[in-house]
Amino acid sequence: MSVSAEVLARAPSEQMEDEINTVTSHRPRSNIRPLSPMPDYVEHRNGVNEVGKLSAEAVVREYEAAVKEIEALGSELQLAAKNCEVMVAGVHDMIAEIKEFAAGYRDQGKRFFLQIEAVSLMTAEVRDTCEALKKKIATDTLSQ
């Protein structure tokens, strides 16, 4: 004997009939209300039976729910694009600051370069002056 047959054999038949009636009881058709209004881009044709209408409505509602999710995704993508635009604008501002900083750094390097060369020229001039003075002192000492 199968498991389902055993369960059926043990269950009281009246209780089971009540459960079946509860599960299979249908609401009157006048009480059936759509879950949400049908989209305005569809309308029922004349002569379509109730099953056809309900099936068509169920399908178009599923499609409409998918469309709503797709549109929500589009909105999320627009928000992401705006955030990217803000980030790109920030990057352009940062690049401008970096270029300005680099130019200042380059100017500072040039200034140090010129200072070092100026000190080097001055040192060479001092050395030459000292050499000339040594020679003059040496010649003056020898001539006396």
Side-chain angles (χ1 to χ4, degrees), residues 1-11 15-16 18-144:
M1 185 179 265
S2 70
V3 174
S4 58
E6 285 181 34
V7 170
L8 289 174
R10 289 189 298 191
Q15 180 185 359
M16 206 161 152
D18 289 341
E19 287 179 13
I20 290 172
N21 287 335
T22 303
V23 170
T24 60
S25 67
H26 295 298
R27 294 185 296 178
R29 288 188 180 192
S30 62
N31 289 344
I32 297 176
R33 292 187 314 193
L35 299 174
S36 59
M38 280 195 345
D40 58 357
Y41 56 87
V42 293
E43 72 179 54
H44 293 294
R45 294 182 189 176
N46 291 333
V48 177
N49 66 20
E50 192 69 21
V51 171
K53 286 181 180 182
L54 291 174
S55 298
E57 286 179 19
V59 168
V60 80
R61 281 193 182 93
E62 287 300 314
Y63 271 86
E64 189 62 25
V67 166
K68 296 291 184 196
E69 290 181 26
I70 291 167
E71 289 172 339
L73 178 61
S75 297
E76 288 179 28
L77 287 174
Q78 282 180 330
L79 179 61
K82 286 180 184 177
N83 289 340
C84 285
E85 289 170 0
V86 168
M87 189 183 310
V88 167
V91 167
H92 287 301
D93 291 343
M94 179 82 59
I95 289 170
E97 288 179 28
I98 287 171
K99 286 181 179 180
E100 185 179 328
F101 179 76
Y105 210 69
R106 184 172 284 124
D107 287 344
Q108 187 176 7
K110 183 179 178 182
R111 194 170 47 246
F112 285 138
F113 174 86
L114 293 174
Q115 284 177 348
I116 290 170
E117 283 198 344
V119 168
S120 178
L121 288 172
M122 188 183 310
T123 303
E125 188 179 334
V126 167
R127 200 175 313 127
D128 290 344
T129 304
C130 287
E131 282 296 319
L133 189 57
K134 278 185 196 178
K135 285 181 185 178
K136 185 177 180 183
I137 293 173
T139 13
D140 285 344
T141 309
L142 289 176
S143 47
Q144 289 180 348

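Note that the coordinates shown come from a computational prediction; the quantities given were computed from them, not determined experimentally.
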About how many Å separate [atom2] of [Y] and [atom1] of [X], when rounded to the nearest 0.5 Å?
{"X": "Met122", "Y": "Gln115", "atom1": "CE", "atom2": "CD", "result": "10.5 Å"}
{"X": "Asn49", "Y": "Leu54", "atom1": "CG", "atom2": "CG", "result": "9.0 Å"}
{"X": "Ile70", "Y": "Ser75", "atom1": "CD1", "atom2": "OG", "result": "12.0 Å"}
{"X": "Leu133", "Y": "Asp140", "atom1": "CG", "atom2": "CG", "result": "9.5 Å"}
{"X": "Glu117", "Y": "Ser120", "atom1": "CD", "atom2": "OG", "result": "7.5 Å"}

Pairwise side-chain contact, Ser55 with Val51, heavy-atom cut-off 4.5 Å (strictly under):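 Side chain of Ser55 against side chain of Val51, heavy atoms only: contact under 4.5 Å found.
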Quick check: do Met94 and Ile98 have side-chain heavy atoms less than 4.5 Å from each other? yes
- Item | Distance-only side-chain donor-acceptor flag, Tyr41 / Glu64, under 3.5 Å |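 Yes.
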### Message
Apply side chain to side chain contact (heavy atoms under 4.5 Å, CB included) to residues Lys134 and Glu131 and explain how you reach the verdict.
### Response
CA-CA 5 Å; Lys134 278 185 196 178; Glu131 282 296 319; 3.8 Å; yes
request  = Please report the C-alpha distance between Met87 and Asn83 in whole Å, then the side-chain angles of each, then the deciding distance to 0.1 Å, and finally whether the side chain to side chain contact (heavy atoms under 4.5 Å, CB included) criterion is met.
outcome  = CA-CA 6 Å; Met87 189 183 310; Asn83 289 340; over 6 Å; no
> Are Lys53 and Glu57 ion-paired here, with the side-chain N under 4.0 Å from a carboxylate O?
Replying inline: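 Not counted as a salt bridge, because no side-chain N and carboxylate O are separated by less than 4.0 Å.
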inquiry  = How about CD on Glu71, more than 12 heavy atoms from neighbouring residues, nucleotides or ligands closer than 6.0 Å, or not?
reply    =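 Counting other residues, nucleotides and ligands, CD of Glu71 exceeds 12 neighbours.
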